[in-house]
Amino acid sequence: MAPYSLLVTRLQKALGVRQYHVASVLCQRAKVAMSHFEPNDYIRYDLLEKNINIVRKRLNRPLTLSEKIVYGHLDDPANQDIERGKTYLRLRPDRVAMQDATAQMAMLQFISSGLPKVAVPSTIHCDHLIEAQLGGEKDLRRAKDINQEVYNFLATAGAKYGVGFWRPGSGIIHQIILENYAYPGVLLIGTDSHTPNGGGLGGICIGVGGADAVDVMAGIPWELKCPKVIGVKLTGSLSGWTSPKDVILKVAGILTVKAVASCRPLSAHGVTHG
């Protein structure tokens, strides 16, 4: 395959523009794996673009980035009713991530489906059952001892049904997702409230319950109420101890949330959600 720079030059000339962003075009022509751990599962930017074009023509208006990602994953973009805040969208997420506490029931439910393998790339991350008490190494040894049966079940079930398994001590689920599985345009669902962290790489990552994860792993379209799109104009500048997170929490408090906290105490990540 020609070097990346040469491909870029050729594509720019063929497209007749020097500043055209060619990443998605390259991904369509050259198969790009979703991760190093899933070399046979490819990023489908071609399908994403196809669906976006269908929806854009139907709505006859420009789309925001969030809309492009969500609508680009519609199960039936040509016929899906799309009305912000009212209709329910049937979506096809790219992947599923589960932490060890919620993965137990999710895997049991998936096993009961009788399917031989998960329909989309999925992973299990063993971090939530590690309680912070005595220190990292001691807490990890204690967790492995207490939860040995759970870890054995998740590891063997994952191996049988094609689910990636990150053993205890591998790290926090959301950092692993950010470093290994997230990419621009991805639609990922995870069985933990901090899943949106993965959206930091230009995708949409949504925290769900175990039953939702099972639907996606079983190849069933996942339903989501069509999101409203809200514009926020920020003026001035941050000062003192204020952080971007405080702005986000303020907006959430204004819109939907009755009570928000500026900090959530974590024990070995997410073990005790404050």
Side-chain angles (χ1 to χ4, degrees), residues 33-41 43 92-132 136 139-183 186-201 203-220 222 266-273:
M34 293 180 70
S35 76
H36 293 297
F37 306 101
E38 296 145 349
N40 297 319
D41 292 304
I43 298 176
R92 294 285 185 178
D94 295 301
R95 64 181 311 116
V96 173
M98 299 171 283
Q99 42 97 334
D100 47 0
T102 52
Q104 299 171 58
M105 185 56 68
M107 288 305 299
L108 285 171
Q109 290 178 334
F110 178 80
I111 291 170
S112 68
S113 72
L115 296 173
K117 185 179 179 180
V118 292
V120 302
S122 305
T123 51
I124 296 170
H125 305 263
C126 297
D127 67 343
H128 276 55
L129 295 180
I130 304 173
E131 299 180 20
D139 292 337
L140 180 59
R141 288 197 299 268
R142 180 172 179 273
K144 288 181 177 179
D145 179 54
I146 294 176
N147 303 301
Q148 182 179 5
E149 185 178 7
V150 173
Y151 294 147
N152 288 342
F153 164 68
L154 294 176
T156 53
K160 181 175 181 179
Y161 295 101
V163 179
F165 180 75
W166 290 76
R167 60 180 177 77
S170 298
I172 297 172
I173 173 175
H174 310 297
Q175 192 62 27
I176 292 174
I177 290 173
L178 198 65
E179 294 179 358
N180 298 279
Y181 298 115
Y183 59 84
V186 69
L187 178 60
L188 177 151
I189 66 170
T191 60
D192 182 78
S193 60
H194 293 78
T195 302
N197 177 74
L201 282 182
I204 292 182
C205 303
I206 304 173
V208 300
D212 294 77
V214 176
D215 284 349
V216 177
M217 290 193 293
I220 300 172
W222 176 60
L266 302 179
S267 175
H269 173 72
V271 176
T272 56
H273 281 210

### Task
Taking side chain to side chain donor-acceptor pair (under 3.5 Å) as the test, write out the residues that go with Thr195, two or more places apart.
none

### Task
Measure the shortest side-chain to side-chain distance between Asp212 and Trp222 over non-hydrogen atoms and say whether it is less than 4.5 angstrom.
yes

### Task
Any chance you could lay out the side chain to side chain contact (heavy atoms under 4.5 Å, CB included) test for Lys144 and Ile130, step after step, and finish with the verdict?
CA-CA 8 Å; Lys144 288 181 177 179; Ile130 304 173; over 6 Å; no

### Val214 side chain near Met107 side chain, heavy-atom distance below 4.5 Å
no

### Query
Who pairs with Gln148 by side chain to side chain donor-acceptor pair (under 3.5 Å), at least two apart in sequence or on another chain?
none

### Sub-4.5 Å side-chain heavy-atom contact between Leu187 and Ile206
yes

### Query
Given side chains that start at C-beta, do those of Tyr181 and Met34 come closer than 4.5 Å, heavy atoms only?
no

### Query
For the residue pair Val163 and Ile124, what are the closest heavy atoms and their distance?
CG1-CG1, 3.6 Å

### Query
For His36 and Asn180, does a side-chain donor sit closer than 3.5 Å to a side-chain acceptor?
no

#### Entry: Steps toward side chain to side chain donor-acceptor pair (under 3.5 Å) verdict (Asp192, His128)
CA-CA 10 Å; Asp192 182 78; His128 276 55; 2.8 Å; yes

#### Entry: Test ring pair (Phe, Tyr, Trp, His ring centres under 6.0 Å) applied to Tyr161 - qualifying residues, sequence neighbours left out
Phe110

### Thr123: side chain to side chain donor-acceptor pair (under 3.5 Å) partners, not counting sequence neighbours
His125

### With Asp215 via side chain to side chain donor-acceptor pair (under 3.5 Å) - residues at least two apart
none

### Summary
Contacts satisfying side chain to side chain donor-acceptor pair (under 3.5 Å) that involve residues 104-120 (not counting sequence neighbours) are none

